[in-house]
Amino acid sequence: MDRRPRRLDQLLASCGYCSRREARGWLRRGSVTVDGEVERSPDRRVIAGSVRVAGEPLDHPDGLVVVMNKLPGTVCTREEGEGETVFARLPERWLRRHPPLVTAGRLDRDATGLLVLTDDGDKVHAWTSPRRHVAKEYVVMLDREVRAEWAGKFAEGIPIGDDRPCLPARLEGEGGREARLEIHEGRHHQVKRMFAAVGARVLGLHRVRFGPFVVGELAPGAWRVEAGLEGRVAGG
Ligand code: URA
């Protein structure tokens, strides 16, 4: 994320407050201060931390990382007409940010659990690049009991119909229909296809971990901003 001084109108627009044209109106009306002084010039270059709008500090000017516990039936797209999107749960201003907030990887419509969203393209790349092998952990409900031999097949790298088998994955299950699976890549419908390859159908898929992030105590549908940026806020 670029933290160099930025044009004031561009900064307000990138944080989702208004368009650059509207920003000029806000500035004319004296709603914006820089270091405590009213600033009316849209091309003044400023450090985000020095700016207040209507007396309030800017909303996450140095980037956002949001962790959400995805609800079943919601989709990880911003396209209209695909049904309820995960983005609809977030503050409206964040949906006007630029660069836009995107999901780092996706979960299927019926899947639940940990979803990471950010406006930082470098982070998305670091977390989703096939070369990085970032760990993802799922709790999976199956249509049959977990069989002991599946762990060995998954550990060797199971073929799922692509040009190469999956990377080694760790499967834990205690004989019931629930299993925990850790994988290090993100192929399309990968978990469902891995279980299909051993003859099982996934009835429920819940992600509990993605790289350094855990879903923890987040209620279904709730989200939090990851600390380390400018503090922590949350919603549900
Ligand atoms: N694997 C799947 O099959 N679905 C997901 O949503 C995530 C991983």
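In listed order, ligands and their atoms are each counted from 1.
Polar contact check, R193 against ligand 1: no nitrogen or oxygen pair lies under 3.5 Å apart. Here's the thing with L107: none of its N/O atoms is less than 3.5 angstrom from an N/O atom of ligand 1. For a threshold of 3.5 Å applied to N or O pairs, the pair formed by H189 and ligand 1 contains at least one separation below that value. Between D108 and ligand 1, a contact under 3.5 Å exists for at least one N or O pair.
Taking the centre and axis of the six-membered ring of F87, the NZ or CZ atom of R89 falls outside the cone set by 45° and 6.0 Å. Cation-pi contact between R93 and Y17: present, with separation from the ring centre below 6.0 Å and deviation from the ring axis of at most 45°.
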Please walk me through it: do R201 and L142 pass side-chain contact (heavy atoms from CB on, under 4.5 Å)? CA-CA 6 Å; R201 198 154 72 83; L142 299 164; over 6 Å; no

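Taking 4.0 Å as the cut-off between side-chain N and carboxylate O, R180 and E182 do not count as a salt-bridged pair. Using a cut-off of 4.0 Å between Lys/Arg side-chain N and Asp/Glu carboxylate O, R21 and D9 are scored as not salt-bridged. Classification of R170 and E172 as a salt-bridged pair holds, one side-chain N sitting under 4.0 Å from a carboxylate O.
Under a 4.0 Å criterion applied to the non-hydrogen atoms of A111, ligand 1 contributes the atoms 6 (O).
Selection from T112, L205, L115 by nearest heavy atom to atom 2 (C) of ligand 1 gives L205.
K70 places a side-chain N or O within 3.5 Å of a backbone atom of D108 that can act as its donor or acceptor partner.
Taking atom 8 (C) of ligand 1 as the reference point, the nearest protein heavy-atom neighbour is Y138 OH, 3.5 Å. The nearest protein atom to atom 1 (N) of ligand 1, hydrogens excluded, is given as V191 N, 3.0 Å; this is a heavy-atom distance.
At a heavy-atom cutoff of 4.0 Å, ligand 1 is contacted by no atom of V202, backbone or side chain.
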